[in-house]
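The structure appears right after this line, and notes come after that.
Hydrogens, waters and symmetry mates play no part in the numbers below; they use all other heavy atoms, side chains included. Whatever order the structure lists them in is the order used to number ligands and atoms, beginning at 1. Starting from 1, each residue takes its place in the sequence as its number.
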Amino acid sequence: MGTALIYDDEMTNYKLLWVDSICNIEVPERLTVCYEALMRTGLADRCVSIPVREATDADILLVHSEEYLEAVKKTPYMTLAELMEFTLQYGDVYFHPNIYHCAKLAAGAALQLVDSVMTGAVRTGMALVRPPGHHSMRSAANGFCVFNNVAIAARYARQKYGLERVLIVDWDIHHGQGVQYCFEDDPSVLYFSWHRYEHQKFWPNLRESDYDTVGKEKGAGFNINVPWNRVGMRNSDYLSVFFHILLPVAYEFCPDLVLVCAGFDSAIGDPEGEMCASPDIFAHLTHLLMNLAGGKLCAVLEGGYNLTSLPQSVCQTVQTLLGDPAPPPGSLEGPCRSALESLHCVRSAHKPYWSCLKYAADLPTSESSSKHDKLAEETKDKAEKETVKEEKVWPEPQKRVCPPVRAALILPDNVTCPAGCQRFSSTEGLDPATISKLREKFSKDGENNSSLTTLPSLVALVDKMENHEIYSGLALVQDVSMAMTCTVQHAAALFQRVLIVCVGDMVEQKPGTEDGKTLLVQFSGNISDKPIGKYHVPVCLKKGCGDVSGFMHAVLSLLLPLGYEYDPNLVLLVRMPGCGIWDSVWQQLTGLLQGLAQGHTLILMQEEEKPCFVPTVSCLLGNAAPSLASLCAPLPEDTEEVEKLRYHLQADWKLLQTTAPEPQ
Ligand SMILES: CC(O)(O)NCCCCNCCCN
Ligand SMILES: [Zn+2]
């Protein structure tokens, strides 16, 4: 299924008509540079173009009051003086004779996007709109926003499609207080927002934007605020919050639809955010959300004021929505102290509400660390007053290719090759010496068992993945252990870093070594006698790989952080026979791992696992995995296992950290 792109240049036909140093960054060019970039890169043509529509009064009244709507309706007929007068009653926003029309189109665009996703016309989509929405409140415009596009879309989706749970992810660098107020007592809409806060010193300077505002009454736990108390946050900081807060909670919440307040002022270069995350981080943030809700994801533009990083970030988002493998996460240096403090505070504030946070550390009793942070902050600020905000420069995100052959499959003759894949059995280019060497090396007690025949094909497939002719591969083999050993040896010689994810017990000694060329993460049910090493992580789950929530918790909070920090060039995913993993969980794992190694995933499965082979291939092709049921609480033993491993490994792998080290 396709990806919708909703845009209409009518939304560029309003602008600031007077001098205002706060609002002058919200310009029509914000939309035109994004649309032009999508056209130039060919991404727009790969999307399904869906027309905008005006939101009706009924749509707008889902969130806003009648008196506010009636007041805004008068603005098209106002003189310049009346517009300025009208604007004075609100904060950080401006009006224009055509802004009411554009605000209806922006909200209507979000609703068109919801309709096209919910009716199955498309799987995902992005609406490029202005004015933005997430600051506007029931009876007030605010922060360049007139109608709350995403809040209206959430209410609309619940009402029209009877959805029980909607997740709103707000990665804009400002707190969408309008959304928070709308749903703070509503457990059916989980609102997650990170935002520049600086201990309430940054706009909109609200006490209720801090981590301890968790929602009210029945909505307690369904409002997650992640304050950034420092500027300069980087990719590691954003990813840590996804791995250790948003994703575990989102999988437990199990939304029917994901809406994104896609503001890109959280990217490097933005004058409002002053953060340092690179535009390609949005490829990963998007990818990590795409296996929720069966892939039903609607991204609606909010902020973003740097006319270079904004279009780059939008292109990264749309290309990932289209299913293209994400770029390498690059060298992640781990979250900074301030981010770890925020992470710690948010996890402990939400501990009572989410079983995945059951073992989160409690708040530091003496707020020593954050006092420490504030003190450091004050001294820094004094120094900073003198220096002017230096121009940020960053590399253009590398061009992402959509691979000619997305998935190559090594299959027994009697298994048909699904559409979109290529059957792979060629061993041309392999010299006969290699083939005979493989035979003698791997043939047990001389019998020429047929699994030997696949080894040369596996070796050839790994070669073609290394030279990017092929992106991902899957092999149905008779002896998965032998195939794994052979593949690891060959791959380790070709790729600098190979992540091996082994699901189930291995019959023989682990192939991983401690030289860092391979990182083995093994999920099994048996008590591990194997030592835990930096590059060898045995995850022993109480009920083995068959327990959905324990397994998913380990994937989200342990495997993904490790994988992203390791940044492999190949992911080898091995499903041992009899491992007991649910096919739906296996598909989630396959989908999530696509975010690594630019989608270079090689899957090894035993032939008899044929039933789940087609769904697995679907994930290799970039399709979303089906939604899991709402995750219940992981078993205490499993959560403790993850905590134990995290504690053991966080010195080596910074992305596993969830609290700041005690101040010396
Ligand atoms: C959609 C949005 O979240 O990007 N709106 C941002 C509004 C910013 C208002 N002024 C801030 C003043 C401090 N620099
Ligand atoms: Zn913003």
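- Taking the six-membered ring where tryptophan is involved, the planes of Y353 and H350 are perpendicular, since the angle between them exceeds 60° and thus also 30°.
- A salt bridge does not link D237 with R230: every distance from a Lys NZ or Arg NE/NH1/NH2 to an Asp or Glu carboxylate oxygen is 4.0 Å or more.
- A cation-pi contact, defined as under 6.0 Å to the ring centre and within 45° of the axis, links R130 to Y14.
- Taking a heavy-atom cut-off of under 4.0 Å, ligand 1 is surrounded by I22, D92, P132, H134, H135, G143, F144, D172, H174, W203, D265, E272, G303, Y305.
- Using bins of under 30°, 30° to 60° and over 60° for the plane-to-plane angle, the ring pair Y161/Y156 lands in the perpendicular bin.
- Of the candidates W171, W228, F282, W228 is the only one forming a ring pair (Phe, Tyr, Trp, His ring centres under 6.0 Å) with Y238.
- Applying the ring pair (Phe, Tyr, Trp, His ring centres under 6.0 Å) rule to pairs touching residues 22-59 yields Y7-Y35, sequence neighbours excluded.
- Sorted by first and then second residue, the ring pair (Phe, Tyr, Trp, His ring centres under 6.0 Å) pairs involving residues 298-345 (not counting sequence neighbours) are F144-Y305.
- A tilted orientation is assigned to the rings of F242 and W194, their planes being inclined by 30° to 60°.
- Excluding waters, the protein N/O/S atoms found under 2.8 Å from the Zn ion (ligand 2) are D172 OD1, D172 OD2, H174 ND1, D265 OD2.
- Below 30°, between 30° and 60°, or above 60°: for W203 and H135 the angle between ring planes is above 60°, a perpendicular geometry.
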